[in-house]
Asker: 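Below is the structure I would like to discuss, written out as structure tokens.
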Amino acid sequence: MILDTDFVIQLVCMGTMLDATVDVPVPVETSKLQDADESFPGDKKITVVFVLGGPGSGKGTQCANIVQHFGFTHLSAGDLLRAEIKSGSENGTMIQNMIKEGKIVPSEVTIKLLQRAMRESGNDKFLIDGFPRNEENRAAFEEVTKIEPEFVLFFDCSEEEMQQRILGRNQGREDDNIETIRKRFKVFMESSLPVIEYYNSKGKVRKIDAGKPIEEVFEDVKEIFSPYSAQVA
Ligand SMILES: Nc1ncnc2c1ncn2[C@@H]1O[C@H](COP(=O)(O)OP(=O)(O)OP(=O)(O)O)[C@@H](O)[C@H]1O
Ligand SMILES: Nc1ccn([C@H]2C[C@H](O)[C@@H](COP(=O)(O)O)O2)c(=O)n1
């Protein structure tokens with residue numbers, strides 16, 4: 001078994017509470033995204049850390065801390081997709097419907113948004129938060145960018161705690177309701193966990209106990225990022 005036993009048991013328990021959903025292919029309009037630099041990063045050497053964990057596990061909160069201390073640029077796939085909806089993109093309605101259903105947007109859309117954001121940032125160190133969310137995301141990103149993550153920062157948190165945090169966060173997100181939260185938990189278990197297991201089998205997962213208070217979680221995060229301290233300008 002790749003992941004530790006109590007974590008797997010916790011996830012199995014989550015699975016018994018949730019309904020099945022069926023994914024169907026979604027048409028994608030790519031013309032609005034063609035200004036993205038599809039060749040990024042090309043020959044440029046960049047460092048990528050994938051930040052994964054269930055909805056509400058505290059990924060965004062800790063990424064903000066890492067940015068301040070270690071000079072990374074934080075790119076949240078969810079934030080980029082929400083910005084794409086707001087921008088009036090041709091893909092906006094499709095993205096909005098998928099987010100409302102807790103489903104994962106086709107990789108080509110998300111990867112182009114990530115490539116564009118990376119290029120525009122001018123930085124060479126990135127925290128990519130909430131991506132790759134499934135095997136399709138992972139394989140497509142690797143294929144298109146040829147980037148292998150330095151490591152995967154995995155925020156491990158109980159469903160009960162994550163649900164409480166999401167319902168308390170009050171950011172007006174359309175997917176922060178109990179029905180969509182349950183769908184997001186199910187997608188995390190079925191689609192995102194296998195990605196974490198994949199990277200775990202390559203020795204790339206750094207697991208954090210995310211159920212602790214914010215400051216304590218960051219103490220653990222800092223230890224993992226300490227090799228990058230010297231690189232801060
Ligand atoms: N360790 C913690 N203890 C208590 N509350 C926390 C902790 N970390 C984050 N929170 C709070 O929980 C809520 C969710 O955190 P955050 O938005 O960082 O999670 P996330 O993993 O990025 O969520 P999502 O994947 O849904 O975007 C926020 O209101 C945040 O302030
Ligand atoms: N790689 C991704 C990341 C996010 N999404 C969609 C589906 C998620 O439920 C939603 C919100 O993401 P979050 O802000 O919670 O990370 O965005 C996706 O389709 N693909």
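Note that ligands are numbered from 1 as they come in the structure, with each ligand's atoms numbered from 1 the same way. Numbering of residues begins at 1 and proceeds along the displayed sequence.
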Asker: Any N or O on Glu161 sitting closer than 3.5 Å to an N or O of ligand 1?
Answerer: no

Asker: Within a reach of under 6.0 Å around NZ of Lys86, are more than 12 heavy atoms found that belong to other residues, nucleotides or ligands?
Answerer: no

Asker: Counting C-beta onward and ignoring hydrogens, is there a side-chain heavy-atom pair between Leu167 and Asn177 closer than 4.5 Å?
Answerer: no

Asker: Do Phe185 and Met162 have side chains that get closer than 4.5 Å, going by heavy atoms?
Answerer: yes

Asker: Please confirm whether Ser57 approaches ligand 1 to less than 4.0 Å, judged on its heavy atoms.
Answerer: yes

Asker: Indicate yes or no: at least one non-hydrogen side-chain atom of Ile181 is less than 4.5 angstrom from one of Asp175.
Answerer: no

Asker: Under 3.5 Å between some N or O of ligand 1 and some N or O of Ile166?
Answerer: no

Asker: Please determine if Asp129 has a nitrogen or oxygen closer than 3.5 Å to a nitrogen or oxygen of ligand 1.
Answerer: no

Asker: Identify which one of Phe154, Phe141, Phe126, Tyr198 satisfies the ring-ring contact (aromatic ring centres under 6.0 Å, His included) criterion when paired with Phe50.
Answerer: Phe141

Asker: Which ligand 1 atoms are under 4.0 Å away from a heavy-atom of Lys212?
Answerer: 1 (N), 2 (C), 3 (N)

Asker: Side chain or backbone, does Gly58 bring an N or O within less than 3.5 Å of an N or O on ligand 1?
Answerer: yes

Asker: Starting from atom 30 (C) of ligand 1, find the nearest protein heavy-atom neighbour and note its residue, name and distance.
Answerer: Thr61 OG1, 3.6 Å

Asker: Is there a side-chain contact between Ile95 and Val109, using heavy atoms and a 4.5 Å cut-off?
Answerer: yes

Asker: Checking the N or O distance criterion of under 3.5 Å, is ligand 1 in contact with Gly56?
Answerer: yes

Asker: At a non-hydrogen distance cut-off of under 4.0 Å, which region of Pro213 contacts ligand 1 (side chain, backbone, both, or neither)?
Answerer: backbone

Asker: Ignoring angles and geometry beyond distance, decide whether Arg82 reaches within less than 3.5 Å of ligand 1 through its nitrogen or oxygen atoms.
Answerer: no

Asker: Looking at side-chain heavy atoms only, is the closest gap between Leu153 and Ile208 below 4.5 Å?
Answerer: yes

Asker: Do Ile46 and Asn123 have side-chain heavy atoms sitting under 4.5 Å apart?
Answerer: no

Asker: Using a 4.0 Å heavy-atom cut-off, which part of Gln62 comes near ligand 1: side chain, backbone, both, or neither?
Answerer: neither

Asker: Name the closest protein heavy atom to atom 12 (O) of ligand 1, giving the residue it belongs to and the distance to 0.1 Å.
Answerer: Arg165 CB, 3.3 Å

Asker: Could you tell me if any non-hydrogen atom of Gly78 lies under 4.0 Å from any atom of ligand 1?
Answerer: no

Asker: Run the salt bridge (charged side-chain N to carboxylate O under 4.0 Å, His left out) check on Lys186 and Glu190 step by step: do they pass?
Answerer: CA-CA 6 Å; Lys186 178 173 164 53; Glu190 291 185 347; 2.3 Å; yes

Asker: I need the nearest protein heavy-atom contact for atom 25 (O) of ligand 1: residue, atom name and distance, please.
Answerer: Lys59 NZ, 2.7 Å

Asker: Does ligand 1 have an atom under 4.0 Å from some heavy atom of Arg184?
Answerer: yes

Asker: Do Glu174 and Gln96 have side chains that approach each other closer than 4.5 Å (heavy atoms only, starting at C-beta)?
Answerer: yes

Asker: Could you grab the distance from atom NZ of Lys44 to atom CE of Met118, nearest 0.5 Å is fine?
Answerer: 10.0 Å

Asker: Identify the closest protein heavy atom to atom 7 (C) of ligand 1: which residue and atom is it, and at what distance?
Answerer: Ile214 CG1, 3.3 Å

Asker: If we only count heavy atoms from C-beta on, is the Tyr199 to Arg138 side-chain gap below 4.5 Å?
Answerer: yes

Asker: Given side chain to side chain donor-acceptor pair (under 3.5 Å), test Glu150 with Thr47 step by step and report yes or no.
Answerer: CA-CA 6 Å; Glu150 197 82 354; Thr47 300; 4.6 Å; no

Asker: Does ligand 1 come near enough to Arg173 that some N or O of the ligand is less than 3.5 Å from an N or O of the residue?
Answerer: yes

Asker: So, does Met162 sit close enough to ligand 1 that a heavy atom of it is under 4.0 Å from the ligand?
Answerer: no

Asker: Side-chain heavy atoms under 4.5 angstrom apart, residues restricted to Ile, Leu, Val, Met, Phe, Trp, Tyr: same cluster for Phe155 and Ile214?
Answerer: no

Asker: Find all protein N or O atoms under 3.5 angstrom from an N or O atom of ligand 2 and list the pairs with distances, or write 'none'.
Answerer:
from: ligand 2; atom 1: 1 (N); to: Gly130; atom 2: O; distance (Å): 3.1
from: ligand 2; atom 1: 1 (N); to: Asn137; atom 2: OD1; distance (Å): 3.1
from: ligand 2; atom 1: 12 (O); to: Arg133; atom 2: NH2; distance (Å): 3.1
from: ligand 2; atom 1: 14 (O); to: Arg82; atom 2: NH1; distance (Å): 3.2
from: ligand 2; atom 1: 14 (O); to: Arg82; atom 2: NH2; distance (Å): 2.9
from: ligand 2; atom 1: 14 (O); to: Arg173; atom 2: NH1; distance (Å): 3.3
from: ligand 2; atom 1: 14 (O); to: Arg173; atom 2: NH2; distance (Å): 3.4
from: ligand 2; atom 1: 15 (O); to: Arg133; atom 2: NH2; distance (Å): 3.4
from: ligand 2; atom 1: 15 (O); to: Arg173; atom 2: NH2; distance (Å): 3.0
from: ligand 2; atom 1: 16 (O); to: Arg133; atom 2: NH1; distance (Å): 3.1
from: ligand 2; atom 1: 16 (O); to: Arg133; atom 2: NH2; distance (Å): 3.2
from: ligand 2; atom 1: 19 (O); to: Val105; atom 2: N; distance (Å): 2.6

Asker: In terms of the angle between their ring planes, are Phe151 and Tyr228 parallel, tilted or perpendicular, with boundaries placed at 30° and 60°?
Answerer: tilted

Asker: Got the closest protein heavy atom to atom 22 (O) of ligand 1, with its distance?
Answerer: Gly60 N, 2.9 Å

Asker: To the nearest 0.5 angstrom, please state how far the OG1 atom of Thr73 sits from the CG atom of Asp124.
Answerer: 8.5 Å

Asker: Suppose we measure from atom 29 (O) of ligand 1 to each protein heavy atom; which comes out shortest, and what is that distance?
Answerer: Arg169 CB, 3.1 Å

